[in-house]
Amino acid sequence: MASSDRTYSGKEVALHNSRESCWIIVHGKVYDVTDFLDGEYTIMWSTRRPTAETDYTGRGVDHPGGSKIILKYAGKDATMEYDPIHPPDAITTNLKPEKHLGSVDLATVEKVEVTITDEERARQERIAARPPLSEILNLHDFEAIAKHTMPEKAWAYYSSAADDEITNRENHAAFHRIWFRPRILKNVTKVDWSTTILGQKSSMPLYITATALGKLGHPDGELNLTRAAAKHGIIQMIPTLASCSFDEIMDTAAPGQVQFFQLYVNKDREITKRIVQHAEQRGIKGLFITVDAPQLGRREKDMRQKFEAEDPSEVSRAGQGGVDRSQGAARAISSFIDPGLDWSDMAWFKSITKMPLILKGVQCWEDALEAYDLGLNGVVLSNHGGRQLDFARSGIEVLVEVTSKLREMRGLSFPNEKFQLFVDGGVRRATDVMKAIALGATAVGVGRPFLYAYSAYGPEGINQALQILHDEFEMNMRLLGARNIKEVVAEMVDASNIHLHMVSVPADNLYESNYERLQGARLREI
Ligand code: PPY
């Protein structure tokens with residue numbers, strides 16, 4: 001690291017507070033970020049270690065949050081603003097070594113004045129008034145508390161989904177079209193809901209799926225999930241766009257803890273290769289390649305928040321070249337993802353890694369079949385939590401057609417060791433997971449509920465969420481008459497309505513109380 005040993009005073013740093021010379025302090029270090037103001041920045045996540053000038057690619061991509069937010073901290077300590085939304089090494093890996101200027105004597109740095117708005121005061125009051133954790137009975141409860149206690153922007157980012165959010169609701173609703181056919185008199189004194197996923201032990205047939213920007217909900221971000229996964233014997237899928245760095249998460253894991261990695265494929269395949277091989281070398285046991293996001297969906301709840309936060313003069317520049325910031329920061333930072341990814345890349349992935357390869361975001365049997373024929377190890381039937389193509393069908397519905405067609409066309413039965421099927425989206429109960437297992441899934445991914453659990457109650461929240469799921473499994477395995485996961489079979493469910501999107505189901509009051517209708521989102525006052 002070419003960082004200078006020099007120690008600056010707060011006063012010296014404060015002189016560089018303009019567009020012409022813009023220094024900021026992050027974690028006691030001083031950086032010259034003047035170049036970031038003019039499009040020399042791209043998100044290069046965690047495992048990127050630039051070695052040459054040419055590695056600082058991504059030119060033409062502005063800082064995703066816009067230059068305004070950097071200028072707000074020009075000459076000042078930006079740590080508080082930086083921490084929740086950047087991996088710790090984002091600045092060091094993106095900024096040329098000569099721009100790492102040295103340290104600052106923090107005692108001499110003027111504190112950035114934090115103005116507490118009425119809104120924030122009210123939020124703090126709601127946090128203080130949360131019910132004790134012992135009163136939280138299910139995953140919906142965490143969501144309800146999170147909705148009222150998270151910063152508005154964080155809630156908007158986590159909860160938002162594409163367009164009219166029809167798929168987001170359908171993901172959950174689809175489980176209501178599947179009913180149980182329990183068996184009786186099975187001696188269910190002992191029940192065991194543990195399983196193996198890609199050959200790795202898991203205490204439950206579910207895993208923590210990848211979700212971005214974990215620090216928006218809690219300062220420890222994804223590390224909350226890592227620790228809870230270790231404690232409860234489940235697998236965490238580490239996201240490419242985590243707030244914590246990949247290595248920080250790996251270093252936090254318990255010895256022998258199994259983790260998967262979710263990959264966004266970078267336009268620059270050398271970067272992708274480096275990320276993949278680093279993941280493998282650090283012991284990742286499965287590579288989940290996201291294939292449903294060649295462009296980011298419009299999450300309007302999130303976009304409205306970003307729109308509100310922007311200076312109107314910045315927003316009006318949207319569309320005049322560069323990054324269209326009226327589209328929200330998420331869309332701006334997604335520009336590194338390669339829309340040119342196609343089936344022919346799969347051979348390349350096989351050539352660069354021995355990790356099991358799974359496509360995440362498959363939405364019809366034809367693509368599942370193609371993945372099988374190419375020798376991949378599985379697919380996640382997923383629509384990205386309803387955040388991509390609105391009116392995409394739920395993963396659980398797609399599961400039914402995939403198992404049936406792959407049985408018909410390739411003679412496969414499920415669950416299948418060689419080609420594993422996963423489902424995510426809308427899961428709130430162990431019974432949802434058991435429905436997917438009965439229909440042939442190996443395991444189910446759960447994302448938002450765990451974010452809500454730790455956003456609402458910190459590490460204890462996520463522990464409680466996983467304990468609730470264990471308790472639900474224990475009871476429902478007994479009530480279904482299944483002593484182990486192998487006994488949760490297709491005959492135990494009636495999914496005959498799964499493809500009918502307009503059947504009458506009982507009102508889902510718990511879910512509906514958390515769902516936020518789009519007209520409820522605050523519009524910017526004009
Ligand atoms: C999502 O928000 O759905 C993501 O998958 C993460 C993300 C965030 C920002 C850009 C691209 C993807």
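Order of appearance sets the numbers: ligands from 1, and atoms from 1 within every ligand. The analysis underlying the following values was restricted to heavy atoms, covering all of them including side chains, and did not include hydrogens, waters or symmetry mates. Numbers here are sequence positions counted from 1.
For ligand 1, the atoms lying closer than 4.0 Å to a non-hydrogen atom of H384 are 1 (C), 3 (O), 4 (C), 5 (O). Less than 4.0 angstrom separates some heavy atom of L241 from each of these atoms of ligand 1: 6 (C), 7 (C), 8 (C), 9 (C), 10 (C), 11 (C), 12 (C). Atoms of ligand 1 lying under 4.0 Å from any heavy atom of A212, numbered from 1 in the order shown and given with element: 6 (C). Every atom of ligand 1 is numbered from 1 in the order shown, and the set under 4.0 Å from a heavy atom of R299 is 1 (C), 2 (O), 3 (O).
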L263/F349 under side chain to side chain contact (heavy atoms under 4.5 Å, CB included): CA gap, chis, key distance, verdict: CA-CA 11 Å; L263 179 74; F349 276 110; 3.6 Å; yes

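Checked by distance only, ligand 1 and R387 come closer than 3.5 Å through their nitrogen or oxygen atoms.
One finds the NZ atom of K285 at 9.5 Å from the CD atom of E280 (value rounded to the nearest 0.5 Å). With rounding to the nearest 0.5 angstrom, the CD atom of E370 is 9.5 Å from the CE atom of M346.
With a 4.0 Å heavy-atom cut-off, ligand 1 is reached by no atom of L213.
K96 and H100 get closest at one heavy-atom pair: O-CD2, 3.3 Å.
The residues R428 and E143 are annotated as salt-bridged, a charged nitrogen and a carboxylate oxygen being separated by less than 4.0 angstrom.
Partner R299 forms a side chain to side chain donor-acceptor pair (under 3.5 Å) with one of E165, Q388, Q305 and no other, that one being Q388.
Using a 4.0 angstrom heavy-atom cutoff, Q388 does not count as in contact with ligand 1.
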